[in-house]
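Report on the following structure.
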Amino acid sequence: MLEELRKIVGEANVLTAPEDTAGYLVDWSNRFHGKPLAVVRPASTEEVSAVLKLANRTGTPVVPQSGNTSLVGGGTPADDGRAILLSLTRMNKVEKIDCINDTMTVQAGLVLEKAQQAAHDAGRLFPLSFAAEGTACIGGCIATNAGGTAVLRYGNTRELVLGLEVVLSDGRVLNLMRGLRKDNTGYDLKQLFIASEGTLGVITRAVVKLFTLPAVRHTALVGVADPHKACELLAAVKTAAGPALTGFELMQAKCIERVGQEIDAVKLPGDIHSAPWWCLVELSYSLDPGENPLERILEKLFEDGTVIDAFLSNSVKDSRAFWAIRESIPSADAHVGGNLHNDVSIEISDIADFVDEALAALNARYDWIDPSVFGHLGDGNLHFNIGSIPPNLAFENEEGIRETVYSVVSRHNGSISAEHGIGQLKRAHFLQLKDPLELEVMGRIKKALDPKGILNPGKLLADDWDCGL
Ligand SMILES: Cc1cc2nc3c(=O)[nH]c(=O)nc-3n(C[C@H](O)[C@H](O)[C@H](O)COP(=O)(O)OP(=O)(O)OC[C@H]3O[C@@H](n4cnc5c(N)ncnc54)[C@H](O)[C@@H]3O)c2cc1C
């Protein structure tokens with residue numbers, strides 16, 4: 001097997017020595033550890049196809065991996081030494097930028113930040129953006145339908161993908177590389193692979209949408225009393241600014257305080273104790289609106305008590321500093337340790353009630369919880385992370401905490417995974433909470449596309465997904 005793999009990708013790209021494979025075998029949160037047969041690093045679609053033909057013939061599991069920033073153990077193999085860990089990171093080219101069609105053709109292993117830079121260099125915006133963008137790759141973003149901080153204006157990855165090339169489990173190449181904005185010729189097959197977490201095919205190339213670069217950004221950190229007031233602020237800014245609203249993030253003041261304490265490179269704009277919750281609001285314009293519209297909008301909201309305090313950006317540097325605070329929260333929490341991550345979505349009109357009810361339910365059950373709540377309020381998506389004082393109690397009570405949070409999510413008809421996917425971490429809860437018919441349809445799709453079950457086993461679907469199908 002190893003000999004055949006070496007013939008396909010070259011000796012140097014079949015890694016088996018522990019010092020060479022170590023970085024591929026642990027997930028970002030250091031929770032999941034695996035042991036593959038080898039890490040295999042193809043450089044082209046043809047090589048991916050040949051590896052999958054071999055895997056299909058021999059019934060060998062294949063775990064696709066791009067930047068390995070999954071927070072749910074999605075790209076980590078089992079520890080039985082059987083799987084090929086297929087790393088796409090050598091397929092990292094920008095193949096074409098078309099500024100008339102506003103599209104960019106990229107390979108799956110291109111790092112997201114490099115894709116953003118390439119678009120910027122061509123005078124365009126590729127708007128997908130989140131804290132792991134310096135490591136996460138396009139293939140991983142597509143396989144997880146990544147979200148991030150600009151979904152409110154530009155949509156999730158799903159909305160940004162026009163065309164896709166996918167290598168199927170039998171090694172055949174499905175070429176859906178069309179840069180069309182309209183195409184009603186049958187099922188939109190690319191949608192099946194977006195968010196499929198490597199279980200239906202290996203994404204090798206994509207055509208993604210580009211946008212006009214914003215000329216002006218106005219950013220503010222706005223203090224409010226609670227998430228209900230944050231939702232009122234969101235509605236008011238939407239009404240006043242319309243499509244200019246690009247980002248709307250919510251943070252507990254204590255998350256910001258922790259960033260100030262733990263992350264030396266990030267400076268806070270001033271005293272943030274005047275309000276218990278803060279919203280990061282960004283408007284962006286391709287044509288300069290002149291005065292800062294946020295000043296006018298916030299003035300009225302101060303008067304009616306919706307807003308308690310605010311810091312407004314005066315420069316691009318200020319805007320970046322505000323975003324650095326938001327994006328440093330996961331690192332600051334990681335420094336402190338012991339935070340159990342939840343990544344939930346709720347209809348925006350219900351999300352403040354969700355926060356009240358979930359915190360009340362947790363407090364009633366545990367008197368030591370120390371929540372770290374922040375996230376993309378404009379998308380109805382919160383990182384509802386639970387730490388403890390003293391640390392580690394949250395992990396010791398993981399099942400009870402998740403059960404408590406997820407039962408409130410279910411009551412509001414929400415989702416237990418807004419962005420990060422299911423992977424290994426959330427599989428048991430996903431299988432327990434998802435509608436049985438939805439699971440059956442997913443199983444049927446899996447069976448059609450991967451009849452031998454070689455693609456990313458142990459992730460997303462149940463091991464016995466083909467039972468009775
Ligand atoms: C600090 C931090 C902040 C984050 N913030 C966000 C956020 O705001 N929004 C968000 O959505 N996510 C966020 N994430 C999660 C993560 O970065 C995203 O899920 C990202 O899209 C994963 O990309 P990756 O290249 O690292 O994929 P990997 O971790 O390598 O893989 C993720 C999944 O995709 C599959 N996969 C990877 N490449 C391919 C391919 N070419 N073909 C088929 N399947 C493939 C893998 O098997 C795995 O199941 C964050 C992570 C960190 C560490």
Side-chain angles (χ1 to χ4, degrees), residues 23-24 26-32 34 42 45 48 52 61-77 83-92 106-113 115 128-151 156-158 164-169 192-206 247 249 326-334 339 341 343 345 374-376 379 381-383 385 417-427 450 455-461:
Y24 299 88
V26 187
D27 77 308
W28 183 283
S29 52
N30 201 17
R31 256 197 109 164
F32 297 98
T45 302
V48 173
L52 280 172
V62 175
V63 179
Q65 189 186 92
S66 291
N68 198 18
T69 66
S70 168
L71 293 172
V72 292
T76 318
I84 294 171
L85 192 151
L86 194 70
S87 167
L88 277 294
T89 50
R90 286 178 73 217
M91 295 187 60
N92 54 16
V106 291
Q107 297 180 348
L110 179 71
V111 170
L112 173 56
E113 196 174 63
L128 184 63
S129 176
F130 52 90
E133 65 197 19
T135 313
C137 304
I138 296 291
C141 294
I142 295 172
T144 58
N145 185 26
T149 51
V151 172
N156 285 306
T157 302
R158 190 182 291 288
L164 217 54
E165 180 183 84
V166 183
V167 180
L168 299 178
S169 66
L192 275 181
F193 299 95
I194 302 173
S196 67
E197 300 189 35
T199 62
L200 297 181
V202 177
I203 296 157
T204 42
R205 294 161 71 227
E249 302 283 310
R326 163 63 186 87
E327 286 179 349
S328 300
I329 295 175
S331 308
D333 282 355
N339 256 289
H341 291 181
D343 165 39
S345 77
F374 62 96
H376 317 295
D379 314 327
N381 168 201
L382 290 180
H383 301 305
N385 297 344
S417 185
E419 292 193 319
H420 302 158
I422 300 299
Q424 303 180 60
L425 181 69
K426 296 186 182 161
R427 194 164 69 133
D450 181 19
L455 285 172
N456 216 2
K459 320 290 164 53
L460 187 62
L461 299 176

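As the structure lists them, so they are numbered: ligands from 1, and atoms in each ligand from 1.
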State the [atom1]-[atom2] distance between [X] and [Y], to the nearest 0.5 angstrom.
| X | Y | atom1 | atom2 | result |
| --- | --- | --- | --- | --- |
| Asn68 | Thr76 | CG | OG1 | 5.5 Å |
| Leu455 | Leu461 | CG | CG | 11.5 Å |
| Gln424 | Asn456 | CD | CG | 8.0 Å |
| Leu88 | Ile138 | CG | CD1 | 12.0 Å |
| Leu110 | Met91 | CG | CE | 11.0 Å |

Does His420 approach ligand 1 within less than 4.0 angstrom via side chain, backbone, both or neither, non-hydrogen atoms only? side chain

Note: Leu88, heavy atoms under 4.0 Å from ligand 1, region reported as side chain

N/O to N/O below 3.5 Å, does that happen between [X] and ligand 1?
| X | value |
| --- | --- |
| Thr135 | no |
| Glu197 | yes |
| Cys137 | yes |
| Ile203 | yes |
| Gly67 | yes |

Return the minimal non-hydrogen interatomic distance between Phe130 and Gly147, and the atom names on each side. CD2-O, 4.2 Å

Minimum heavy-atom separation for Ser66 and Thr89, please, with both atom names.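 Nearest heavy atoms, Ser66 then Thr89: O-CG2, 3.3 Å.
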
What are the atoms of ligand 1, with element, lying closer than 4.0 Å to any heavy atom of [X]?
| X | answer |
| --- | --- |
| Ala146 | 11 (O), 21 (O) |
| Gly198 | 43 (C), 44 (N) |
| Asn456 | 47 (O), 49 (O) |
| Trp28 | 53 (C) |
| Cys141 | 21 (O), 23 (O) |
| His376 | 8 (O) |

Pick from Asp343, Thr144, Thr157: which one makes a side-chain contact (heavy atoms from CB on, under 4.5 Å) with Glu419? Asp343

Asp379: which of Asn156, Thr149, Val151 passes side-chain contact (heavy atoms from CB on, under 4.5 Å): Val151

Should the ring pair His383 and His420 be called parallel, tilted or perpendicular, given that the plane angle runs from 0 to 90° and is split at 30 and 60? parallel

Is the backbone of Phe32 close enough, under 3.5 Å, to the side chain of Asp27 for a donor and an acceptor to pair up by distance?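 Checked: pair present.
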
Donor-acceptor contact present, side-chain Asn145 to main-chain Arg158, <3.5 Å: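 Yes, Asn145 side chain to Arg158 backbone: donor-acceptor pair under 3.5 Å.
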
Could you check Arg205, Glu165, Gln107 and say which one makes a side-chain hydrogen bond (donor to acceptor under 3.5 Å, both in side chains) with Thr45?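 Only one option passes, and that is Glu165.
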
Pick, from Ala136, Ala132, Ala143, Gly75, the option with the minimum heavy-atom distance to atom 34 (O) of ligand 1.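 Ranked by closest heavy atom to atom 34 (O) of ligand 1, first place is Ala143.
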
What's the shortest distance from [atom] to any protein heavy atom, and which residue and atom give it?
| atom | answer |
| --- | --- |
| atom 11 (O) of ligand 1 | Gly147 N, 2.8 Å |
| atom 46 (C) of ligand 1 | Pro64 O, 3.1 Å |
| atom 7 (C) of ligand 1 | Glu419 OE1, 3.2 Å |
| atom 38 (N) of ligand 1 | Ser66 OG, 2.6 Å |
| atom 16 (C) of ligand 1 | Thr69 OG1, 3.3 Å |
| atom 43 (C) of ligand 1 | Gly201 O, 3.5 Å |
| atom 19 (O) of ligand 1 | Thr144 OG1, 3.4 Å |
| atom 5 (N) of ligand 1 | Phe130 CD1, 3.7 Å |

Salt-bridge present (Lys459, Glu197; N to O < 4.0 Å): no

Compute the minimum heavy-atom distance from Val63 to ligand 1 and say whether it is under 4.0 Å. no

